[in-house]
J.: 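Here it is: the structure, laid out below.
When reading the values below, keep in mind they use all heavy atoms of this one structure, side chains included, and skip hydrogens, waters and symmetry mates. Each chain gets a letter, A, B and so on, in the order the sequences are listed, and its residues count up from 1.
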Number of protein chains: 2
Amino acid sequence: MIQPRPRSIPEATVARLAVYLRVLTSFADGGRTTVSSGDLASATGVNPAGLRKDLSHLGSCGVRGVGYDVRALRERIARVLGAERSRACVLVGLGNLGSALADYAGFGSRGFEFVGLLDAAPERVGQRIGGLTVQDVADLEAVVAATQASIGVIATPADVAQQVCDRLAAAGVRSILNFAPVTLSAPAGVDVRHVDLSVELQVLAFLGQQRVPVGEASA
Amino acid sequence: MIQPRPRSIPEATVARLAVYLRVLTSFADGGRTTVSSGDLASATGVNPAGLRKDLSHLGSCGVRGVGYDVRALRERIARVLGAERSRACVLVGLGNLGSALADYAGFGSRGFEFVGLLDAAPERVGQRIGGLTVQDVADLEAVVAATQASIGVIATPADVAQQVCDRLAAAGVRSILNFAPVTLSAPAGVDVRHVDLSVELQVLAFLGQQRVPVGEASA
DNA sequence: GCTTGTGAACACATTCACAGCC
DNA sequence: GGCTGTGAATGTGTTCACAAGC
């Protein structure tokens with residue numbers, strides 16, 4: 001009666017599911033009711049067969065010869081990703097990037113709710129951003145305890161990111177998303193993911209210079 | 001006499017090289033002169049053997065029994081990534097996120113220079129951000145032509161991102177980094193990369209809910 | 001006939017283990 | 001002895017091709 005592995009979805013698939021979810025939502029808003037793997041694949045920039053394989057991980061519910069029901073598929077993906085129930089996040093660091101994140105509509109619509117904004121600068125404490133009032137980072141532990149936040153987002157300068165990470169972990173936050181340009185270490189059981197905004201740019205630039213090896217034209 | 005593939009570095013390696021570059025720079029700033037693969041690996045959160053394999057792609061110059069020379073390695077990586085010469089970028093969309101990007105020090109220190117900031121909102125045009133004056137997006141083509149920008153960064157709302165992308169591509173920009181939450185399409189020869197800030201958060205949340213399948217404690 | 005779902009083949013990436021060198 | 005560099009083994013992810021089903 002024990003399912004072998006009820007939900008073991010490859011990480012690469014999870015990332016793409018989030019993208020499918022976004023596109024399906026816009027399709028649903030546009031009044032579309034069904035979609036084929038080919039259409040959805042081209043709208044998300046992936047291979048159709050890969051898309052079907054991704055969907056097969058969630059015990060897919062497409063109809064052969066027809067396609068997928070947009071609403072049903074969207075709900076199923078949302079359920080698997082846990083995007084239907086709201087998750088409480090605290091955000092530390094409200095400089096330019098942090099403020100952008102606090103205001104970013106994409107989070108709220110995908111089940112992430114900021115329940116605490118924290119900053120160390122006195123002039124930022126008390127400001128209202130994205131419907132919340134910025135609190136003093138000294139109260140981090142109290143805010144986490146009061147809000148039961150399960151996710152922490154770090155958008156501080158690099159030199160304080162590690163100590164913020166330590167405090168979040170100690171306060172019981174088990175998932176941390178780091179935007180500061182440092183590699184963080186955290187105790188076992190705490191999941192840290194790092195988003196480096198300039199890495200993508202650097203990869204892009206590298207591919208660009210690859211493409212045209214400057215003066216190596218075939219003439 | 002034709003080299004088979006002079007420089008074909010796996011994309012995953014390129015992304016990590018950018019991280020090594022950042023850490024090596026901070027090591028160099030701290031006065032460190034040599035580093036072993038183990039040290040650098042733990043500072044960047046990767047496997048030591050993988051790190052050595054990454055470095056081997058650039059015809060590595062470590063010394064057995066000793067390690068790598070920090071400065072030499074940093075320069076070699078910078079050269080391979082093309083991070084030594086400055087690359088001109090235009091940024092379109094100066095809302096919260098765009099402003100954060102324009103101000104982000106991480107770009108400048110890695111060879112990316114914003115040479116144009118463009119926005120459609122009249123109240124933003126003329127503002128100074130990160131040392132530049134915001135220009136009207138109507139002048140996009142002129143700005144690209146005047147600055148010879150090779151990279152475009154899109155941080156606009158989703159609904160105008162595609163048309164900005166089209167105009168950038170038509171103006172001759174061959175590398176585009178998209179922060180808007182839409183999948184963009186571009187003509188062949190134009191490289192588009194998409195950074196979705198909430199995808200990482202969604203993966204993190206998924207892993208978190210995986211970890212503790214709520215009420216399935218082994219007691 | 002059209003589209004899904006999936007095993008099998010392939011390509012890519014990571015890790016291991018050790019030979020080569022200082 | 002210590003650390004790099006790398007082939008070999010493993011694991012992961014992607015693509016193909018086609019059978020199954022509407």
J.: Nearest 0.5 angstrom please: B/Y104 OH to B/F112 CZ, how far?
T.: 11.5 Å
J.: Could you please name the option among C/dG5, D/dT14, D/dC16 that lies closest to any side-chain atom of A/Y68?
T.: C/dG5
J.: Tell me: CG of B/L73 to P of D/dC3, nearest whole Å?
T.: 16 Å
J.: What's the CG-C1' distance between A/D39 and C/dC2, to the nearest Å?
T.: 13 Å
J.: Between C1' on C/dA13 and CD1 on B/I9, what's the gap in Å once rounded to a whole number?
T.: 15 Å
J.: Give a yes or no on this: more than 12 heavy atoms of other residues, nucleotides or ligands lie within 6.0 Å of atom CZ of A/R71.
T.: no
J.: When you compare the side chain of A/V192 with that of B/L204, does any pair of heavy atoms fall below 4.5 Å?
T.: no
J.: Please report, rounded to the nearest Å, how far the C1' atom of D/dC3 is from the CG atom of B/L40.
T.: 14 Å
J.: Closest-nucleotide mapping onto DNA chain D: is A/P10 or B/S36 further toward the 5' terminus? I mean the 5' end.
T.: B/S36
J.: Does the base of D/dT14 carry an N or O that pairs as donor and acceptor with the side chain of A/K53 under 3.5 Å?
T.: no
J.: For the pair made of CD in A/E11 and P in C/dT14, what is the distance, rounded to whole Å?
T.: 12 Å
J.: Contact class for A/G62 vs. all strands (heavy atom < 4.0 Å): base, sugar-phosphate, or nothing?
T.: sugar-phosphate
J.: Could you tell me the separation between the CG atom of A/L51 and the C1' atom of C/dT4, rounded to a whole number of Å?
T.: 11 Å
J.: Checking side-chain contact (heavy atoms from CB on, under 4.5 Å) between A/Y68 and each of A/L24, A/L55, A/V63, which is the one that passes?
T.: A/L55
J.: Could you state the atom-to-atom distance from NE2 of A/H57 to P of D/dT12 in whole Å?
T.: 12 Å
J.: Under 3.5 Å, is there any donor-acceptor pair linking the side chain of A/R64 to the base of C/dT3?
T.: no
J.: Reckon A/R16 has a side-chain N or O less than 4.0 Å from the OP1 or OP2 of D/dT14?
T.: yes
J.: Please state whether the phosphate of D/dT4, meaning OP1 or OP2, lies under 4.0 angstrom from any side-chain nitrogen or oxygen of B/S37.
T.: yes
J.: Within less than 4.0 Å of OP1 or OP2 of D/dG13, is there a side-chain N or O belonging to A/N47?
T.: no
J.: Would you indicate which nucleotide in C/dT4, C/dA17, D/dG7 comes nearest to any side-chain atom of B/R52?
T.: C/dA17
J.: Between the side chains of A/D191 and A/S175, does any donor sit under 3.5 Å from an acceptor?
T.: no
